[in-house]
Amino acid sequence: MYEVRRNREPGEMGVVRPPIVETHLGLDRARIAALGYALDGPTAASDRFTGRVQVRRVFMVGSIRVSEATVDLFDERVAFRLLNELVLPRADALSVSLDRLQVEVDRLLPA
């Protein structure tokens, strides 16, 4: 299980407020949610988020939390650079011809 934690600014008189936590079963879904929250950046709404978002891997046995580790830490700058500077391949560049696929399958299967 993965948790996405949106950190909040301290409340009145410096009282530390806990982050808002969402759980996701897949790392990809957690990262996409975290990138979206990080792109929001700091907000001046009632919750006052800092713009820093953590993705944490959580291991649980039953309802007992066994361990957890930080997988990613995003903020607005990281999310912006990742989404705007990363060049992803186009779908047609990932396609494979049927003949090439058959050659790969034949190579993998024993004679």
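Note that these values count all heavy atoms, side chains included, but never hydrogens, waters or copies made by symmetry. Everything quoted here is computed from the prediction, not taken from an experiment.
Annotation: the span from Met1 atom CE to Leu25 atom CG amounts to 8.0 Å, rounded to 0.5 Å. Atom CZ of Phe80 is separated from atom CG of Leu39 by 8.5 Å, given to the nearest 0.5 angstrom. If you take CZ on Arg57 and CG on Leu27, they are separated by 7.0 Å, rounding to the nearest 0.5 Å.
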Query raised in the report: Could you go step by step and tell me if Glu3 and Arg65 meet the salt bridge (Lys or Arg N to Asp or Glu O under 4.0 Å) rule?
Result: CA-CA 12 Å; Glu3 291 182 346; Arg65 185 178 294 244; 2.8 Å; yes
Report task. Determine, step by step, whether Arg31 and Asp72 satisfy the side chain to side chain contact (heavy atoms under 4.5 Å, CB included) criterion, reporting the C-alpha distance in whole Å, the side-chain angles of both residues, the deciding distance to 0.1 Å, and the verdict. Result -> CA-CA 8 Å; Arg31 283 180 169 160; Asp72 291 314; 2.4 Å; yes
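The side-chain heavy atoms of Pro18 and Arg8, taken from C-beta on, include a pair separated by under 4.5 Å. When side chains are defined from C-beta on, Arg52 counts as touching Leu73, because their heavy atoms get closer than 4.5 Å. Between Val105 and Leu109, some side-chain heavy-atom pair lies under the 4.5 Å cut-off.
A cation-pi arrangement is found for Arg6 relative to Tyr37, the charged atom lying closer than 6.0 Å to the ring centre and inside a 45° cone about the ring normal.
The shortest non-hydrogen separation linking Asp75 to Val78 is OD1-N, 3.0 Å. The two residues His24 and Ala33 have their closest heavy-atom pair at NE2-CB, 3.8 Å. Of all non-hydrogen atoms in Val96 and Leu101, the two that sit nearest each other are CG1-N, 3.9 Å. Shown here for Val4 and Ala30, the closest heavy-atom pair between the two residues is CG2-O, 3.4 Å. Taking every heavy atom of both residues into account, Gly26 and Tyr2 meet most closely at C-CD1, 3.7 Å. Taking every heavy atom of both residues into account, Arg5 and Glu68 meet most closely at NH2-OE2, 3.3 Å.
By the 6.0 Å contact criterion, CD1 on Ile64 is open, its count of non-hydrogen atoms from other residues, nucleotides or ligands being 12 or less.
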